[in-house]
Amino acid sequence: MLVFRHNDKSCEIDKDSLTLHDALKALGLDSKKVIAADFNGEHSDLSRTVTSGGEISPITADTPEGLEILRHSTAHLMAQAVLRLYPGTHFGVGPAIKDGFYYDIDVAGTITEEDLPKIEAEMRRIAGAGEKVAREDMTKDDALKFFADDPYKTELITDIDAPSVSVYKQGEYADLCRGPHVPDASKIHNFKLLSIAGAYWRGDEHNKMLTRIYGTAFATPDELKEYLRRMEEAKLRDHRKLGRDLDLFSLHEEGPGFPFFHPKGMAIMNTLIDFWRREHVKRGYTEIKTPQILDRELWIRSGHWDHYRENMYLTEIDEKPYAIKPMNCPGSLLVYKTQLRSYRDLPMRLAELGLVHRHERSGVLHGLMRVRCFTQDDSHTYIEPTKIKEEVLQIMDLDKYVYTNVFGFKYTVELSTRPEDSMGTDEQWEAAESALRDALESTNTPYTVNPGDGAFYGPKIDFHLEDCIGRTWQCGTIQLDFQLPGRFDATYIGEDGAEHTPVLIHRVVFGSIERFMGILIEHYAGAFPFWLAPVQVKIIPIAGDHMNYARELYDTFMSWGLRPEIDSREEKLGRKIRDAQLQKVPYMLVVGDKEKEAHTVGVRKRSEGDLGSMSLEEFRELLSKEFNPIH
RNA sequence: GCCGGUGUGGCUCAGUGGCAGAGCAGCGCACUCGUAAUGCGCAGGUCAACGGUUCAAAUCCGUUCACCGGCUCCA
């Protein structure tokens, strides 16, 4: 007698064993949409035979768990199709990921994106034929025999720490896999292969590069269509495209990874910096500036020479070796050391908008997001060891204010711990890591841990922001450092009259101003809020003889501290409006006879359209209601 | 750096071995205009660079560079 329950339903079956599929049927929970079952909290194949009863629920593809199973099964379906079209192909790993799945394959010859439709067609054939998917458990030894001619599966099986493994077979294709999977390929309808890329076996660049095919699958055709549409739309907010269209910045072959900022890009950057300065003054920071090029000896002392040399640009002055700074910390330490410091001076928050150069490998450059020179909104804060948590909390408060209140970003937080290539003792690292953890936990900040991802001098908390297609980029970071102050003999005199070594906190909020601008461009799709817009007000004279009034307005707006612009072209009104809209200017002011006479402006708002005529005072009042963190 | 793809006027793109094209932008002329593209005309390219094959190369081959999608690495 087996008893199965689902919520308040239950049924008794007079048998010794039963498949989960039959159990669902007995409970009246079966339908075409069901692809797997949740049995006692475990995701299982419908075909799984159980010898005792329990809690059971159907899993459908319209739930997150179901979608993951569907995508994983779609990856297997793709693998089977690839095996048919390219016999002899070996398979690496093929998991479901956010928004889809991939499979890494080792295929003779090359597959290009042009081959994807062919593979898709084969997948549809297999799915149409309803290819059955069957699980088979076997011992590791049997599995090793089974996959004897497959070096990748052999490696995976060898590394598995369990006596037996499961293998999923569908037709001529079989894969080492934990499962669960759809019962047969006919459950898979709405999928698309998206792109092709190289990927190192097991993510290690010393290993062979496999061919990775990305694809996605959804429960319904509409969801698939919607996803593809969203991706297309996202491309329109790509900061590289908008940067060109809006004349913000450019990149040139003459300086790969070294962005050029145009007047409008600089208007945004300077406004950001203006905001940044005001906010830092409020929070007790002072600002310094240190040189671009410093003696190599300094970098040897700081540890950069040993741990960061690959990323540094080197030069020579009067036959003496120098390096272009990849970080601002050593310069800051030299400033700190110019005086004898007291505990009363601490925390000493020395901020610096430092332009750093780092050699990045050619394949990683990406618009403003990944460049070879960028401006860090840095600070090096020197504190007493007992004040770490307090200071970290203060920085986290600043981060939250900037990301959430000012820009409305969603962000994720990561704690990165000691890397292999690092300086310092285990005790120091432990103390630093637990200080950061403590700060995160006392503020209930959700975070994930990145083991081994810290800087060479200390652990860090990173803040990640998303770009338009969901890739995340590290922006803010808080890094604890117990190493550099000691290396530089930086000290302070404590309350006890003795010399102590301060703890150094490296931190950035924007991270890289360049990267942050890239994120902002995509976040706003180029339609910057009023306070950041490079052109805030576009004055549009209707005809030539309204130019004088337009110039008068221009002068007035300049005196208000705005960034105005006149469209003086001999064009029709409609054309000027259209162009200003496309340039995403927040306010368009149409001025003709009526306005000139009454000394008013015809206000058109980018987001709302024509607001009608109003006096200059009324317009100013309207602007004063705009969000503006600088005022 | 690695794998795959791409490179034609400022931008978007056609052109697959036989005289380099279109639209938009630019410039000139006309229109003096009321809330998302006025009309006509003109000019603009060493087809990424270098080398090769060919009677002939934007087109085929090779090398390099840059860019795009990933991997690895990172703010």
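Order of the sequence lines sets the chain letters (A, B, ...), proteins ahead of strands, with each chain counted from 1.
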- Message: On the side chain of A:E570, is there an atom forming a donor-acceptor pair with the base of B:C33 - under 3.5 Å, no angle test?
- Response: no
- Output yes when at least one side-chain N/O atom of A:R471 is less than 4.0 Å from OP1 or OP2 of B:G70, else no. yes
- Can you tell me how far P of B:G69 sits from CG of A:D467, to the nearest Å? 9 Å
- Task: Classify the nucleic acid contact of A:M588 as base, sugar-phosphate or nothing, counting any heavy atom under 4.0 Å across all strands shown.
- Result: nothing
- Using a heavy-atom cut-off of under 4.0 Å over every strand shown, decide if A:E114 touches base, sugar-phosphate, or nothing. nothing
- A:F456 CZ to B:A75 P: how many Å, rounded? 11 Å
- Message: Quick one, A:F528 and A:V535 - any side-chain contact, counting heavy atoms below 4.5 Å?
- Response: no
- Would you classify A:D593 as touching base, sugar-phosphate or nothing, given that sugar-phosphate means primed atoms plus P, OP1 and OP2, and contacts are heavy atoms under 4.0 Å? base
- Item | Candidate nucleotides B:G69, B:U35, B:A75, ranked by approach to the side chain of A:V590 - the nearest | B:U35
- Query: Contact class for A:V356 vs. all strands (heavy atom < 4.0 Å): base, sugar-phosphate, or nothing?
  - Reply: nothing
- Would you check if the side chain of A:H523 reaches a backbone N or O of A:F407 as a donor-acceptor pair within less than 3.5 Å? yes
- Spacing between A:L246 atom CG and B:C11 atom P, to the nearest angstrom: 15 Å
- Query: Hey, does A:G574 reach any base, or is it just sugar-phosphate, or nothing, if we go heavy atoms under 4.0 Å?
  - Reply: sugar-phosphate
- With P as the reference atom in both, quote the distance from B:G52 to B:A43 in angstrom, rounded to an integer. 35 Å
- Query: In terms of side-chain heavy atoms of A:R604, which of B:A75, B:C74, B:A36 is nearest?
  - Reply: B:A36
- Message: Just to be sure I understand the rule, does A:E514 reach a base, reach only the sugar-phosphate, or reach nothing, if contact means heavy atoms closer than 4.0 Å?
- Response: nothing
- Message: Need to verify one output field. Residue with the more 5' nearest nucleotide on RNA chain B, A:Y200 or A:Q581?
- Response: A:Y200
- Message: Checking base pairs now: Watson-Crick or wobble, both atom distances under 3.5 Å. What partners B:A37?
- Response: none
- Query: With both distances kept under 3.5 Å, what pairs with B:G26, Watson-Crick or G-U wobble?
  - Reply: B:C42
- Nearest listed nucleotide, side chain of A:R575, among B:G69, B:U38, B:G4: B:U38
- Counting side-chain heavy atoms from CB outward, which of B:A66, B:G4, B:A75 is closest to A:E253? B:A66
- Query: Is the phosphate of B:G69, meaning OP1 or OP2, less than 4.0 Å from a side-chain N or O of A:R240?
  - Reply: yes
- Do A:Y214 and the base of B:G70 stack face to face, with centres under 5.5 Å apart and an angle between planes under 30°? no
- Message: Just so I know, are the side chains of A:I268 and A:M517 near enough to count as touching, which here means a heavy-atom distance under 4.5 Å?
- Response: yes
- So which one's nearest nucleotide on RNA chain B is more toward 5', A:G367 or A:I111? A:I111
- Query: Between A:N311 and A:H359, do the side chains contain an N or O donor and an N or O acceptor separated by less than 3.5 Å?
  - Reply: no
- Counting side-chain heavy atoms from C-beta on, which of B:C3, B:A75, B:A36 comes nearest to A:R515? B:A75
- Task: Consider the side chain of A:M209, meaning its heavy atoms from C-beta on, and name the nucleotide among B:U38, B:G69, B:G70 that approaches it most closely.
- Result: B:G70
- Query: Expressed as a whole number of Å, how far does the P atom of B:U12 sit from that of B:C29?
  - Reply: 30 Å
- Message: Using the C1' atom as the point on both nucleotides, what is the distance between B:A22 and B:G9, in whole Å?
- Response: 12 Å
- Donor-acceptor side-chain pairing of A:W201 and A:E155 below 3.5 angstrom: yes
- Taken to the nearest whole Å, NZ/A:K596 to C1'/B:C33 is 15 Å
- Note on the structure: Quick note, A:E360 side chain, CB onward, closest among B:C67, B:G69, B:C73 is B:C73
- Query: NA contact type, A:G544, heavy-atom cut-off 4.0 Å: base, sugar-phosphate, or nothing?
  - Reply: base
- Query: Contact class for A:L194 (heavy atom, under 4.0 Å): base, sugar-phosphate, or nothing?
  - Reply: nothing
- Message: Testing the 3.5 Å rule here: is there a donor-acceptor pair between the side chains of A:R515 and A:Q474?
- Response: no
- Query: What is the distance, rounded to the nearest whole Å, between atom CZ of A:R569 and atom C1' of B:C27?
  - Reply: 14 Å
- Item | Which nucleotide in B:C74, B:C67, B:G34 has an atom nearest any side-chain atom of A:P256 | B:C67
- CG of A:L236 versus P of B:C11: gap in Å, rounded? 18 Å
- What is the distance, rounded to the nearest whole Å, between atom CD of A:E310 and atom C1' of B:C74? 14 Å
- Query: For atom C1', what is the distance between B:A57 and B:C19, given to the nearest Å?
  - Reply: 14 Å
- Taking the side chain of A:L573 as heavy atoms from C-beta outward, which of B:C71, B:C68, B:G34 is closest to it? B:G34
- Query: Reckon A:K594 touches a base, only the sugar-phosphate, or nothing at all at heavy-atom distances under 4.0 Å?
  - Reply: base
- Message: Can you measure A:I542 atom CD1 to B:A36 atom P for me and round it to whole angstrom units?
- Response: 12 Å
- Message: Using a heavy-atom cut-off of 4.0 Å across all strands, would you classify A:A199 as base, sugar-phosphate, or nothing?
- Response: sugar-phosphate
- Item | Same-atom distance (P) from B:C61 to B:A75, integer angstrom | 41 Å
- Item | Strand partner of B:C67, provided both Watson-Crick or wobble distances fall under 3.5 Å | B:G5
- What nucleic acid atoms does A:K460 come within less than 4.0 Å of, heavy atoms only: base, sugar-phosphate, or nothing? sugar-phosphate
- Give the intermediate values and the outcome of ring pair (Phe, Tyr, Trp, His ring centres under 6.0 Å) for residues A:F91 and A:Y103. CA-CA 8 Å; A:F91 297 87; A:Y103 217 122; 5.5 Å; yes
- Report yes or no: is there a donor-acceptor pair, N or O only, under 3.5 Å between the side chain of A:R370 and the base of B:C73? yes
- Message: Considering every strand and a 4.0 Å limit on heavy-atom distances, what is the contact class for A:H366: base, sugar-phosphate, or nothing?
- Response: sugar-phosphate
- Message: Distance alone, cut at 3.5 Å: any donor-acceptor contact between the side chains of A:H546 and A:D593?
- Response: yes
- Task: Assess the side chains of A:Y587 and A:E626: does a donor N or O sit below 3.5 Å from an acceptor N or O?
- Result: yes
- Item | Nearest-Å distance once atom P is located in both B:C68 and B:A25 | 27 Å
- Query: If you check every side-chain atom of A:D610, which of B:C73, B:U35, B:C31 has the closest atom?
  - Reply: B:U35
- P spacing across the pair B:C33 / B:U38, given as an integer number of angstrom: 15 Å
- Query: So does A:K605 get a side-chain nitrogen or oxygen closer than 4.0 Å to the phosphate oxygens (OP1/OP2) of B:U35?
  - Reply: no
- Expressed as a whole number of Å, how far does the P atom of B:A48 sit from that of B:G10? 13 Å
- Go ahead and name the base partner of B:G51; Watson-Crick or wobble counts if both distances stay under 3.5 Å, otherwise write none. B:C61
- Task: Indicate, with a heavy-atom threshold strictly under 4.0 Å, whether A:V364 touches base, sugar-phosphate, or nothing.
- Result: base
- Message: By the 4.0 Å heavy-atom rule, please label A:T112 as base, sugar-phosphate, or nothing.
- Response: sugar-phosphate
- At under 4.0 Å, does any side-chain N or O of A:R244 touch on OP1 or OP2 of B:G10? no
- Query: Any side-chain heavy-atom pair from A:Y457 and A:S422 closer than 4.5 angstrom?
  - Reply: no
